[in-house]
There are 4 protein chains.
Amino acid sequence: MTKEKILKAAINQYSLHNYHGATMKKIADEVNIKPASIYFFYKNKEELFLAAFKWILESHFTYIQNIMGEVIEQPILKIYQTIIRKTVAYHSERQNETNAYISLVNSPPAEIKPFLHHHMQHFDSWMEQTLTEQMQKKYPDISEEKIIKITKQFLIIMDGIFWEINLYEKEELERQIEYAINIIECLLREEVK
Amino acid sequence: MTKEKILKAAINQYSLHNYHGATMKKIADEVNIKPASIYFFYKNKEELFLAAFKWILESHFTYIQNIMGEVIEQPILKIYQTIIRKTVAYHSERQNETNAYISLVNSPPAEIKPFLHHHMQHFDSWMEQTLTEQMQKKYPDISEEKIIKITKQFLIIMDGIFWEINLYEKEELERQIEYAINIIECLLREEVK
Amino acid sequence: MTKEKILKAAINQYSLHNYHGATMKKIADEVNIKPASIYFFYKNKEELFLAAFKWILESHFTYIQNIMGEVIEQPILKIYQTIIRKTVAYHSERQNETNAYISLVNSPPAEIKPFLHHHMQHFDSWMEQTLTEQMQKKYPDISEEKIIKITKQFLIIMDGIFWEINLYEKEELERQIEYAINIIECLLREEVK
Amino acid sequence: MTKEKILKAAINQYSLHNYHGATMKKIADEVNIKPASIYFFYKNKEELFLAAFKWILESHFTYIQNIMGEVIEQPILKIYQTIIRKTVAYHSERQNETNAYISLVNSPPAEIKPFLHHHMQHFDSWMEQTLTEQMQKKYPDISEEKIIKITKQFLIIMDGIFWEINLYEKEELERQIEYAINIIECLLREEVK
DNA sequence: GATGAATGAGCATTCATTCAT
DNA sequence: GATGAATGAATGCTCATTCAT
């Protein structure tokens, strides 16, 4: 119970102030305990943040997996649309986790780099594989090469939108999402014919 | 001379450890001076980093402006291609500046936020305006609406590639760039007729 | 316990070196703790010194109030005599507090000025009022104007003696006190008739 | 020229911030030179302030001597009156020097203590001697004992007023001065009869 | 489980001082 | 005479961590 609250507070503090700015005191304050008490649950700051980062990455992963599970039977464009929209929705609603995630990915504390790298690779290949699998099932005529291409292109667009989550205001972001979906439509129209 | 070296060291440290983790000591060590000496050139840490950020943003801006100047007369696809390729090249060669830039954009120290926001807006609107202008000149028949759309879509792709600079190894990044250019081709083919 | 010791050490250091010269290190050394530990009890240097000053002023105030309470029923000359003698005794025995008090009054750190001013005013008006009240009770025939005058004159003499506490050796100070009391006798003789 | 300006600036800074708060930088700024330049004229901070303190003490001494010279032929009450009034005027017009003087006297930097003590003694005995001499000349019938007593009492009152220079606003100070003169009148009336 | 008290290490910053120019 | 550049030492303060209770 308390342990979990500490974890959440750590994430929040990390998202607000980065690793170096997220102090044990601030975390403790957020949970309404004293800094010394954190050490009953976590060996030290590094361990706490390792746990926090794992939690962020895993819950993000799980969430996307769930979405994927829900839409997997739908037509391919619908899948793409849903992933983009839900991902944005997820991250817009959890700005602090997203912030933490972004700075984590971009400038990870040295201790975490190997773990992070492994996770990213895992996530990416899972996403790629799942998407290509579905396309192959739905469009058995299209060459594997083309399918991989379209999947990778989708990832570029996803990444572009992801980067923009933090930069644009809500309305403008909506518009960008529409534009992004238009791109995918365009790609599919051409490739799938 | 020393002042410049301090600036560069600050950028490097910021890229490695974020604002809070980049200490005056680390910067001084990199320049082979004592921390106290930094204060002869910069009033305090904040001022030093403001100077560093300005330098990054301005040199990035100048660089893109130059590229734009060089390719502006070329066909529109060529323009897009060149911007993507050169931007990636620029940032790949200056990983530390880019890292600094990315963490700056994603989790700016509160003191810098207003300045940063102003700059981003300026850069974005300049890019959009320059690109739409060129398209209007080259395709006077296409509606303004469509031109804006394609420009914004280009920006999504740019952002996607930008985000991936840090994530992918060199070769894979090359491939992603090719895919990105393919997307633009696809979009142009359809919209421009 | 420790908190109190820190307070006393702060007063002592302040009396020795003024506000700026009294460093957290010197205070900590005096208490046999490390400077960082002070911050467990006091938020910062300013708060510590505010507490110290309050303590000095209040204990001085309380002391004088007690004296006044004890002699209030005595003849007026006796009251004046006792106040002077006991004040000097009090301050002679607590040279460091007195020194701190004096430099506080004469060159207060800007942060403390308002608090100090308020206290001084309070003390002064209390003293004046109490003394005039007693005189009015004991000499109902003397005009208020005259009573105020004699009270104010007493304060001048008090201030003179107070200033001299630090300047004269013990014996010479005794003699000055006698002279001061003689002045008051002279004033009373004339005014009271 | 510059040397003198530095001296004056040092006094001013000392009066504003005490010895520890009066930095070489602040002094240099006031003279519009760089801190390094001060060292051309003074060996170090201590020497500068020693010079400054000497200057304050001596000019104060000289001033009082001049006043004394001017009024020495006048009746004794007039002498007392003038000394009080002119001393207050002098110090009111040079609040910074006075402040410096007061904190100097009350909490002198350890290095200066012996010099200061010697000076104070010299000043006090000169004042006492001059005044008693004059009284003896003007009232040859009064016993030496009585004369010394009245002189010392005058010094108490002077000290009281001196202490109040910093505490009271202008108008209230005027009133206190009147009261002080009244005291002296009272003393003279009685002793001189 | 929780915390009061303490500390070592480190941080940004200031300051008196030096020295070559 | 004056200063730009540099620094050692110190200062107020923060922070992760420990440990007895």
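Reminder, nothing fancy here: chain letters follow the sequence lines and each chain counts from 1.
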**Student:** So, OP1 or OP2 of dA6(F): does either fall under 4.0 Å of a side-chain N or O from K34(B)?
**Tutor:**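 No, K34(B) has no side-chain N/O under 4.0 Å of OP1/OP2 on dA6(F).
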**Student:** Output yes when at least one side-chain N/O atom of S37(D) is less than 4.0 Å from OP1 or OP2 of dG1(F), else no.
**Tutor:**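 No, S37(D) has no side-chain N/O under 4.0 Å of OP1/OP2 on dG1(F).
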**Student:** Taking the P atom of each, how far is dG1(E) from dT21(F), in whole Å?
**Tutor:**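 Taking atom P in both dG1(E) and dT21(F), they lie 22 Å apart.
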**Student:** Want to settle it: does K43(D) or P35(B) sit nearer the 5' end of DNA chain E, counting the closest nucleotide to each?
**Tutor:**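 With K43(D) and P35(B) compared, the 5'-side residue is P35(B).
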**Student:** For the side chain of F41(C), starting at C-beta, report the closest nucleotide among dT7(F), dA16(E), dA5(E).
**Tutor:**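 From the listed options, dA5(E) comes nearest.
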**Student:** Measure the distance from CD on E47(A) to C1' on dA16(F) and round it to the nearest whole Å.
**Tutor:**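 Computing the E47(A):CD to dA16(F):C1' distance gives 14 Å.
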**Student:** Take atom NZ of K3(C) and atom P of dA6(E), then tell me their distance rounded to the nearest Å.
**Tutor:**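 About 12 Å, once rounded to whole Å.
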**Student:** When you measure from the side-chain N and O atoms of K25(C) to the phosphate of dT11(F), is any distance below 4.0 Å, counting only OP1 and OP2?
**Tutor:**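 Indeed not, no polar side-chain atom of K25(C) lies that close.
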**Student:** Without swapping roles, check the side chain of K26(D) against the backbone of G21(D) for a donor-acceptor pair under 3.5 Å.
**Tutor:**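 Flag set: sc K26(D) to bb G21(D) pair under 3.5 Å.
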**Student:** For the pair made of OH in Y39(B) and P in dT11(F), what is the distance, rounded to whole Å?
**Tutor:**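 In whole Å, dT11(F) P and Y39(B) OH are 17 Å from each other.
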**Student:** In Watson-Crick or G-U wobble terms, both distances under 3.5 Å, what is the partner of dA20(F)?
**Tutor:**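 Check on dA20(F): paired to dT3(E), both distances under 3.5 Å.
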**Student:** Report the distance from atom CZ of F40(C) to atom C1' of dC13(F), rounded to the nearest whole Å.
**Tutor:**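 In whole Å, dC13(F) C1' lies 16 Å from F40(C) CZ.
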**Student:** Check whether the ring centres of Y101(B) and Y14(B) lie less than 6.0 Å apart, and answer yes or no.
**Tutor:**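 Judged by ring-centre distance (under 6.0 Å), Y101(B) and Y14(B) do not meet the cut-off.
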**Student:** Which whole-number value in Å describes the distance from F49(A) CZ to dC15(F) P?
**Tutor:**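 The distance from CZ of F49(A) to P of dC15(F) comes to 12 Å, rounded to the nearest Å.
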**Student:** Separation of Y42(D) atom OH from dG1(F) atom P, in whole Å?
**Tutor:**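 Interatomic distance, OH of Y42(D) to P of dG1(F): 13 Å.
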**Student:** Without swapping roles, check the side chain of T98(D) against the backbone of R94(D) for a donor-acceptor pair under 3.5 Å.
**Tutor:**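 Between the backbone of R94(D) and the side chain of T98(D) there is a qualifying donor-acceptor contact (under 3.5 Å).
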**Student:** Could you please name the option among dA16(F), dT13(E), dG12(F) that lies closest to any side-chain atom of K45(C)?
**Tutor:**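 When the side chain of K45(C) is considered, dG12(F) is the closest of dA16(F), dT13(E), dG12(F).
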**Student:** Using whole Å, what does the distance between atom P of nucleotide dA6(F) and atom CE of M1(B) come to?
**Tutor:**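 One finds 11 Å between P of dA6(F) and CE of M1(B), rounded.
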**Student:** Both I38(D) and K26(A) contact DNA chain F. Taking the nearest nucleotide for each, which residue is further toward the 5' end?
**Tutor:**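 Closer to the 5' end of DNA chain F: I38(D).
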**Student:** Would the distance check show the side chain of S15(D) and the main-chain N or O of E97(D) forming a donor-acceptor pair, the cut-off being under 3.5 Å?
**Tutor:**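 Absent.
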**Student:** Quick one: is dA6(E) close enough that its OP1 or OP2 comes under 4.0 Å of any side-chain N or O from T2(C)?
**Tutor:**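 Answer yes for this pair, as a side-chain N or O of T2(C) is under 4.0 Å from OP1 or OP2.
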**Student:** Remember a base hit wins even if backbone is also touched, and classify A28(A) as base, sugar-phosphate or nothing at under 4.0 Å, heavy atoms.
**Tutor:**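 Contact class for A28(A): none.
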**Student:** Rounded to whole Å, how long is the line connecting atom CE of M24(A) with atom P of dG8(E)?
**Tutor:**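 Result: 20 Å.
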**Student:** Any cation-pi pair here, K45(B) with Y19(B), using under 6.0 Å and within 45°?
**Tutor:**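 Yes, cation above the ring, under 6.0 Å and within 45°.
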**Student:** Ignoring the backbone of A36(B), work out which of dA12(E), dG8(F), dA6(E) is nearest its side chain.
**Tutor:**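 Out of dA12(E), dG8(F), dA6(E), the nucleotide with an atom closest to A36(B)'s side chain is dG8(F).
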